[in-house]
Amino acid sequence: MTHSKAAITGVFGYVPEYVLTNAELEKMVDTNDEWIFSRTGIKERRILKGEGKGSSHMGAEAVKGLLAKTNTRPEEIDLLICATTTPDFLFPCTANLICEMAGIRDVGSFDVQAACSGFLYALTMGSQFIETGKYRKVIIVGADKMSAIVDYTDRTTCVLFGDGAGAVLLEPNDEGYGLLDSIIRSDGSGQPYLNQKAGGSRYPPTHETIDQRLHYVYQDGQQVFKFAVKKMADISAEIMEKNGLAGDDVAWLVPHQANKRIIEATANRMGVGMDKVMLNIHKYGNTTAATIPLCLWDYESQLNKGDNLILAAFGGGFTWGTAYVKWAY
Ligand code: UT7
């Protein structure tokens, strides 16, 4: 056993080129920019176009960028974990495909499915391999092609989601930087409120499941909103209390980007001003497992060594989680 913590030593993101604006959505469904922006904070989102491209494409682009940026050779990587709810295939897993595309060979790689909390789950898991001393370089990816499972005739969901991927490199740190604490939770009784009903083992694809549009995201927005506000705020307050942190001690809140109003409620509960909250929901929408690493990527230049970051997420399952990270560079 070592006493090392797992520090994030690099971050890289990838978003597809195509920008789907609120104005374009107005032409597709009965919605408008004013409703979308005031209820969610979203102005536009990115959509992955191109035959045969899945979440692995975006994940691999993020990983290749991360390797180049951190001067890491693929053969130095010990493990890659991918959080995704939109895997390319039911199997093999997306992490296997990302490794292949990024030239990472003969290492363990697997997917984590915890919906919008997936990145926090994967980060928590990956850090264990560093803390035990088993591995020295672990990549955590969050990648989701939500456009593959969004019904663009359903105005209640199609305005919310976008595609993207982000990746971080974890390495041991003995100087007190890195992932200092995390909490992950779930409650399967949330299943009826946020799900994709068909395509798995309970309801395999049939003509009926397709006719009934059961292969798309279903969300009871109001119910999910209520749980999300409570659980994300509660768990963020809990990790602060557990680690003796007051609002002023937190340099940045890094929240899952599902709804600006949920983010504001979380920041308010933590006693953190909105000037210390990472926000990119306006340009990417909800990219599920990719929101948190994409925030870190966007805000990386504003981060300083020693900054206290609180990461927080809530998603389908229900799942929720939080992490306390002392930024290492
Ligand atoms: O990331 C995973 C976790 N997910 C979340 O955290 C999402 C949580 N939920 C939410 O963010 C919000 O519930 C939504 C943004 C999804 C919806 O906002 P809301 O304020 O809860 O709206 P609502 O569902 O209560 O709908 C209000 C009205 C309804 O019309 P009526 O019944 O009042 O006439 C909807 O039909 O807004 C209508 N509406 C729309 N109008 C224009 C729903 N979607 C739209 C739309 N454009 N796109």
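In each ligand, atom 1 is the first atom listed, and ligand 1 is the first ligand listed.
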Notebook entry, point to check: Rounded to the nearest 0.5 Å, how far apart are CG of Leu214 and CG of Asp151?
Noted result: 11.0 Å
Margin query: To the nearest 0.5 Å, what is the distance between CD on Glu44 and NE2 on His282?
Written below: 8.0 Å
Notebook entry, point to check: Where does the angle between the aromatic ring planes of Phe318 and Phe227 fall among parallel (under 30°), tilted (30 to 60°) and perpendicular (over 60°)?
Noted result: tilted
Let me have the donor-acceptor pairs involving side chains of residues 191-198, under 3.5 Å, with sequence neighbours excluded, atom names and distances please.
| from | atom 1 | to | atom 2 | distance (Å) |
| --- | --- | --- | --- | --- |
| Asn195 | OD1 | Lys197 | NZ | 3.4 |
| Asn195 | ND2 | Gln191 | O | 2.8 |
| Gln196 | NE2 | His215 | O | 3.3 |

Atoms of ligand 1, numbered as shown, that sit under 4.0 Å from any heavy atom of [X]:
| X | result |
| --- | --- |
| Thr40 | 15 (C) |
| Arg261 | 18 (O), 19 (P), 20 (O) |
| Asn286 | 1 (O), 2 (C) |
| Asn259 | 10 (C), 11 (O), 12 (C), 15 (C) |
| Val159 | 48 (N) |
| Ala258 | 1 (O), 5 (C), 6 (O) |
| Val224 | 3 (C), 4 (N), 5 (C), 6 (O), 8 (C) |
| Cys116 | 1 (O), 2 (C) |

Checklist line | Verdict with reasoning, His256 to Phe119, per ring pair (Phe, Tyr, Trp, His ring centres under 6.0 Å) | finding: CA-CA 10 Å; His256 170 53; Phe119 183 78; over 10 Å; no
Check: Does atom 29 (C) of ligand 1 have any protein heavy atom closer than 4.0 Å?
Finding: no
Item checked: atom 32 (O) of ligand 1: any protein heavy atom closer than 4.0 Å -> no
Note to self: Is there a continuous path of hydrophobic side-chain contacts, each under 4.5 Å between heavy atoms, that joins Val112 to Ile140?
What the structure shows: yes
Flag, side chain of [X] to backbone of [Y], donor-acceptor distance under 3.5 Å:
| X | Y | answer |
| --- | --- | --- |
| Tyr329 | Leu303 | no |
| Tyr121 | Arg185 | yes |
| Asp78 | Lys137 | yes |
| Asn280 | Lys283 | no |

Item checked: Backbone or side-chain N or O of Gly221 under 3.5 Å from ligand 1 N or O -> yes
Item checked: Among Gln222, Met232, Gln219, closest by any non-hydrogen atom to atom 7 (C) of ligand 1 -> Gln219
Next item on the list: Name the option, out of Gln257, Arg39, Lys226, Lys260, that contains the heavy atom nearest to atom 20 (O) of ligand 1.
Entry: Arg39
Margin query: Checking contacts here: is it the side chain or the backbone of Ile262 that comes within 4.0 Å of ligand 1, counting heavy atoms only? Could be both or neither.
Written below: side chain
Note to self: Residue-level breakdown please: for Phe225 versus ligand 1, do any non-hydrogen atoms fall below 4.0 Å on the side chain, on the backbone, on both, or on neither?
What the structure shows: both
Closest protein heavy atom (residue, atom, distance) for [atom]:
| atom | value |
| --- | --- |
| atom 17 (C) of ligand 1 | Trp35 CH2, 3.9 Å |
| atom 38 (C) of ligand 1 | Arg155 NH2, 3.7 Å |
| atom 47 (N) of ligand 1 | Thr31 OG1, 2.7 Å |

Check: Does Lys69 make a cation-pi contact with Phe12, if we ask for NZ or CZ under 6.0 Å from the ring centre and within 45° of the axis?
Finding: no
